[in-house]
There are 2 protein chains.
Amino acid sequence: MTKPLDPEMFDPLCPSDLVPIRVGDKWAGMIIQCLEGGPRRFSELRVPLRNITPKVLTQSLRALERDGFVVRTVHAGPARNVQYELTSLGRSLLGLLDTARAWAEAHLDELIDARETASPASRTS
Amino acid sequence: MTKPLDPEMFDPLCPSDLVPIRVGDKWAGMIIQCLEGGPRRFSELRVPLRNITPKVLTQSLRALERDGFVVRTVHAGPARNVQYELTSLGRSLLGLLDTARAWAEAHLDELIDARETASPASRTS
DNA sequence: CAGCATCCTCCGCGATACTG
DNA sequence: CAGTATCGCGGAGGATGCTG
């Protein structure tokens with residue numbers, strides 16, 4: 001049902017590292033976004049998170065599971081198939097992520113200005 | 001004008017490390033809270049942040065300044081006096097912190113349950 | 001009072017290679 | 001397919017001591 005994840009749903013050029021808000025570890029926020037549309041498999045998650053190594057993805061997913069944000073389900077079959085899905089608690093973080101994104105978009109220019117003012121990297125104007 | 005900061009405004013027993021939301025570095029959120037009521041001096045901030053070392057407090061404050069959340073003002077005088085104050089950008093984070101706290105309070109019990117389920121530390125019931 | 005200098009430890013995160 | 005096993009770096013954070 002759920003469509004495949006957009007491989008470019010996370011722009012590598014996005015200056016999101018300027019935003020001082022983090023939910024969970026480095027990848028947790030993005031993983032939760034990926035799971036918004038429904039359950040996903042391990043390999044499926046690796047696509048939008050382009051350069052993530054399996055070890056790190058496993059770490060993040062295990063942490064999310066331990067904290068009750070995600071459930072892991074193993075569906076036996078010809079080829080192994082493991083599903084990750086948001087719990088209601090995990091889904092409750094989506095609102096927070098939206099709030100954070102809204103704040104970031106509203107203030108991104110100020111963040112950029114502040115950095116430039118702090119480290120005057122060869123102004124042209 | 002502004003009353004002294006409550007030395008116990010941050011309960012060391014508070015299970016806030018269960019909450020997967022962070023604004024800036026480890027101390028940034030608390031510092032911003034401290035500055036909500038108006039400008040504060042370096043030593044003043046050290047009181048509620050009981051065990052913070054001056055080096056670490058300086059680090060956090062410099063980062064907040066670099067990112068445009070705080071302004072640092074040196075008032076010369078008999079004894080040195082440095083004020084830290086929230087900018088409007090910094091003040092805009094207060095709403096986010098409130099949202100995060102609201103989420104945390106609403107879901108704290110679920111967070112605790114999840115951890116207990118994950119690591120069954122000697123159940124009695 | 002408001003820091004700076006130094007040293008050190010822990011852990012997040014990643015690269016690489018291998019497995020049921 | 002969905003991981004595990006090892007190795008290693010870099011940076012956050014802290015302890016301790018000194019300074020204009």
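Checking the phosphate oxygens (OP1, OP2) of C:dC4, a side-chain nitrogen or oxygen of B:R62 falls inside 4.0 Å. The side chain of A:S43 contributes an N or O atom lying less than 4.0 Å from OP1 or OP2 of D:dA2. Contact between the side-chain N/O atoms of B:Y84 and the OP1/OP2 oxygens of C:dG3 is found at a separation under 4.0 Å.
The 5' end of DNA chain C is approached more closely, in terms of each residue's nearest nucleotide, by A:S60 than by the other of A:S60 and A:R80.
Take A:W103 and apply the ring-ring contact (aromatic ring centres under 6.0 Å, His included) test, not counting sequence neighbours, and it matches A:H107.
Atom CG of B:N81 and atom P of C:dC1 are 11 Å apart (whole Å). One atom, CD1 of B:I52, and another, P of C:dC1, lie 17 Å apart when rounded to the nearest Å. The interatomic distance linking B:L57 (CG) with C:dC4 (C1') rounds to 14 Å, in whole Å. For A:Q59 and D:dT4, the CD to C1' distance is 11 Å, given to the nearest whole Å. What separates NZ of A:K55 from C1' of D:dG3 is a distance of 13 Å, to the nearest Å. The distance between atom CG of B:D25 and atom P of D:dG10, rounded to the nearest whole Å, is 22 Å. Following rounding to the nearest Å, A:L49 (CG) and D:dA2 (P) show an atom-to-atom distance of 14 Å. The distance from atom CZ of B:R46 to atom P of D:dG14 is 13 Å, rounded to the nearest whole Å.
Linking ILVMFWY residues whenever their side-chain heavy atoms come closer than 4.5 Å, directly or via other members, leaves B:V19 and B:I31 in distinct clusters. The same ILVMFWY cluster, assembled from side-chain heavy atoms under 4.5 Å apart, contains both B:L94 and B:L61.
A:V74 places none of its side-chain heavy atoms less than 4.5 Å from the side chain of A:N81. Between B:Q59 and B:R62, the closest side-chain pair of non-hydrogen atoms is not below 4.5 Å.
Here B:L5 contributes atom CG and B:E36 contributes atom CD; the two are 11.0 Å apart, rounded to the nearest 0.5 Å.
Counting any heavy atom pair closer than 4.0 Å across all strands shown, A:R22 reaches sugar-phosphate atoms only and no base atom. Residue contacts for A:R72: at a heavy-atom cut-off of 4.0 Å it reaches the sugar-phosphate backbone alone, with no base atom in range. Nucleic acid contact for B:V82: sugar-phosphate only, since backbone atoms but no base atoms lie under 4.0 Å from a heavy atom of the residue.
Near DNA chain D, meaning a heavy atom under 4.0 Å from it, residues 26-34 of chain B has B:K26, B:W27 in order of number.
Among the nucleotides C:dA17, C:dA5, C:dA2, the one closest to any side-chain atom of A:P54 is C:dA17.
In terms of heavy-atom proximity, A:L111 sits nearest to B:D67 at CD2-O, 4.1 Å.
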